[in-house]
Amino acid sequence: DEKPQLVGLKDELISAPRLDNLNSCAALVSAIIGSERADGMNMIALFDHEEIGSRSKQGAASILLHDMICRILKEVGKEDVDATIYNSMILSVDVAHALHPNYAGKMDPTNKPVLGKGFCIKEACSQSYATDCEAVSIIEQICKAKDISYQKFVNRSDVVGGGTLGSIASALLPVKTVDIGIPLLAMHSARELMAVNDQQNMVDLVSAYFTL
């Protein structure tokens with residue numbers, strides 16, 4: 001196995017295989033372990049088969065997430081399960097494409113996420129990223145209150161971009177949803193590259209969100 005390494009003049013970057021999407025899973029697990037709240041409930045879902053389309057009985061395109069949430073809420077004594085679900089919000093946490101200096105034309109001219117400037121709030125007019133105004137405003141207010149660095153990433157409308165589980169899951173669980181992710185270079189290659197600080201920003205954001 002290729003081992004992860006810190007690289008850069010000040011060890012500010014991480015070079016490793018499978019950063020997509022282990023960095024998001026690590027941030028979610030770290031945040032939920034340390035979370036405490038007097039009201040409400042925090043959940044994380046780590047799905048199988050994301051890279052092959054999610055169309056399986058346990059993938060994001062199945063009814064599994066909706067059914068499991070309903071069962072959990074019933075078991076803890078929630079009487080109006082539907083109302084509880086529709087008052088909820090989903091963070092879809094997956095990586096984002098960072099600006100590659102040799103391919104700057106691939107990015108929208110005003111939205112170029114770079115390594116080390118914070119995680120990205122991702123939007124797309126095609127809704128391949130499931131992001132709505134209310135969800136974005138909640139995340140931005142948390143970041144400003146907690147001094148957490150973030151960036152905006154918007155897919156070029158004339159170029160087919162990637163998608164995430166957020167748009168898939170929210171079609172079956174139609175609640176407020178925002179797609180966020182750490183910018184990477186060399187996504188899907190044998191070794192991907194990200195900034196150390198961006199991981200901490202993501203953990204801080206999810207931790208703060210879990211304590212709302």
Side-chain angles (χ1 to χ4, degrees), residues 1-28 30 46-47 49-54 60 91-133 135-136 139-140 143-144 147-169 177-206:
D1 276 352
E2 290 286 333
K3 295 187 181 300
Q5 290 181 310
L6 293 174
V7 297
L9 295 176
K10 298 180 180 179
D11 287 342
E12 71 274 24
L13 302 173
I14 301 172
S15 173
R18 300 181 298 280
L19 291 175
D20 174 17
N21 195 32
L22 291 180
N23 61 12
S24 300
C25 294
L28 290 167
S30 295
L46 311 177
F47 283 104
H49 305 154
E50 188 264 346
E51 295 291 358
I52 57 172
S54 300
L91 291 185
S92 172
V93 189
D94 200 349
V95 294
H97 287 284
L99 172 67
H100 193 300
N102 292 337
Y103 299 96
K106 293 286 186 180
M107 293 284 183
D108 183 277
T110 60
N111 297 279
K112 298 178 178 180
V114 297
L115 303 183
K117 299 294 185 182
F119 73 90
C120 295
I121 298 174
K122 304 187 294 183
E123 301 178 65
C125 64
S126 66
Q127 286 296 293
S128 56
Y129 298 138
T131 305
D132 57 60
C133 294
V136 169
I139 297 304
E140 289 194 276
C143 289
K144 291 172 182 175
D147 196 25
I148 300 170
S149 297
Y150 72 96
Q151 309 175 70
K152 288 288 193 73
F153 173 53
V154 181
N155 265 350
R156 279 180 48 174
S157 58
D158 60 336
V159 174
V160 176
T164 67
L165 299 186
S167 58
I168 297 172
T177 307
V178 58
D179 260 302
I180 59 177
I182 295 171
L184 294 185
L185 282 175
M187 191 186 297
H188 299 154
S189 68
R191 293 191 74 89
E192 299 167 321
L193 191 69
M194 61 173 279
V196 174
N197 288 344
D198 292 341
Q199 181 71 23
Q200 188 59 56
N201 285 320
M202 179 62 81
V203 173
D204 291 345
L205 179 277
V206 181

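These figures come from a predicted structure and were not determined experimentally.
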Checklist entry - Is there side-chain contact between I148 and F119, with heavy atoms separated by less than 4.5 Å? => result yes
Next on the checklist: Do E12 and N197 have side chains that approach each other closer than 4.5 Å (heavy atoms only, starting at C-beta)?
Outcome noted: no
Checklist entry - Is the backbone N or O of K122 less than 3.5 Å from a side-chain atom of T131, with the two atoms forming a donor-acceptor pair by type? => result yes
Checklist entry - So do C120 and I182 actually touch side chain to side chain, heavy atoms under 4.5 Å? => result no
Checklist entry - What pair of heavy atoms forms the shortest contact from G116 to A195, and how long is it? => result N-CB, 3.3 Å
Next on the checklist: Are L91 and V178 packed together at the side-chain level, in the sense that at least one heavy-atom pair is separated by less than 4.5 angstrom?
Outcome noted: yes
Item to check | Donor-acceptor contact present, side-chain N201 to main-chain Y150, <3.5 Å | outcome: no
Checklist entry - Between S92 and D179, does any side-chain donor sit less than 3.5 Å from a side-chain acceptor? => result yes
Checklist entry - What are the two closest non-hydrogen atoms of L115 and L185, and how far apart are they? => result CD1-CD1, 3.9 Å
Checklist entry - So, for M202 and I180, which heavy atoms are closest and what is the spacing to 0.1 Å? => result SD-CD1, 3.8 Å
Item to check | N/O donor-acceptor pair under 3.5 Å between N21 side chain and V93 backbone | outcome: yes
Item to check | Whether Q151 side chain and V114 backbone form a donor-acceptor pair below 3.5 Å | outcome: yes
Item to check | D147 atom CG, neighbour heavy-atom count above 12 within 6.0 Å | outcome: no
Item to check | D94 and D20, any side-chain heavy atoms less than 4.5 Å apart | outcome: yes
Item to check | Heavy-atom pair with the smallest gap, counting every atom of E192 and L19 | outcome: OE1-N, 2.8 Å
Checklist entry - Ignoring hydrogens and geometry, is there a side-chain-to-backbone donor-acceptor pair from S189 to A186 under 3.5 Å? => result yes
Next on the checklist: So I14 and L6, do their side chains get closer than 4.5 Å, heavy atoms only?
Outcome noted: yes
Item to check | R191 side-chain N/O to P17 backbone N/O, donor-acceptor pair under 3.5 Å | outcome: no
Item to check | Any side-chain heavy-atom pair of L205 and C143 under 4.5 Å | outcome: yes
Item to check | Between CG on residue L193 and NE2 on residue H100, distance to nearest 0.5 Å | outcome: 10.0 Å
Item to check | Interatomic spacing from CD in Q200 to OG in S30 - rounded to 0.5 Å | outcome: 9.0 Å
Next on the checklist: Quick check: closest heavy atoms across N111 and P113, and the distance to 0.1 Å?
Outcome noted: O-CD, 3.6 Å
Checklist entry - Where does the angle between the aromatic ring planes of H188 and H97 fall among parallel (under 30°), tilted (30 to 60°) and perpendicular (over 60°)? => result perpendicular
